[in-house]
Amino acid sequence: MYRMTWTDGRMDDFAKHVDERFEFVDKRFDAVDKRFDAMEKRFEAIERRLDNLDERFAALNRTLLVFHGGIMAALIGLIATQL
């Protein structure tokens with residue numbers, strides 16, 4: 001089996017090349033992190049809008065419940081007066 005020998009200079013060059021590649025990867029991850037931060041802010045804004053919408057649906061539900069309760073009371077009163 002053939003075995004390649006690595007000189008100190010060759011090992012230093014390899015280590016330098018690996019360090020450069022990792023610096024490049026770190027820069028790319030920093031850019032991705034910034035994009036995720038921007039998306040997180042957008043999701044927080046959407047979440048606030050959905051919370052507001054949820055409150056509006058709850059208010060509509062209460063209004064419909066009161067309205068239908070009034071109709072039921074009126075119908076019961078009408079039936080009671082007709083007997």
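Numbering starts at 1 and runs along the sequence shown. Computed over heavy atoms, backbone and side chain alike; hydrogens, waters and symmetry mates excluded.
Rounding to the nearest 0.5 Å gives a distance of 12.5 Å between CG of Leu53 and CD1 of Ile46.
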Which pairs would a plain distance check flag for residues 14-23, meaning a side-chain donor or acceptor within less than 3.5 Å of a matching protein atom at least two apart in sequence or in another chain?
none

Could you tabulate the donor-acceptor pairs under 3.5 Å formed by side-chain atoms of residues 60-83, not counting sequence neighbours?
{"residue": "Thr63", "atom": "OG1", "partner": "Ala59", "partner atom": "O", "Å": "3.0"}
{"residue": "His68", "atom": "ND1", "partner": "Leu64", "partner atom": "O", "Å": "2.7"}
{"residue": "Thr81", "atom": "OG1", "partner": "Gly77", "partner atom": "O", "Å": "3.3"}
{"residue": "Thr81", "atom": "OG1", "partner": "Leu78", "partner atom": "O", "Å": "2.9"}

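Atom CG of Asp26 is surrounded by more than 12 heavy atoms from other residues, nucleotides or ligands within 6.0 Å.
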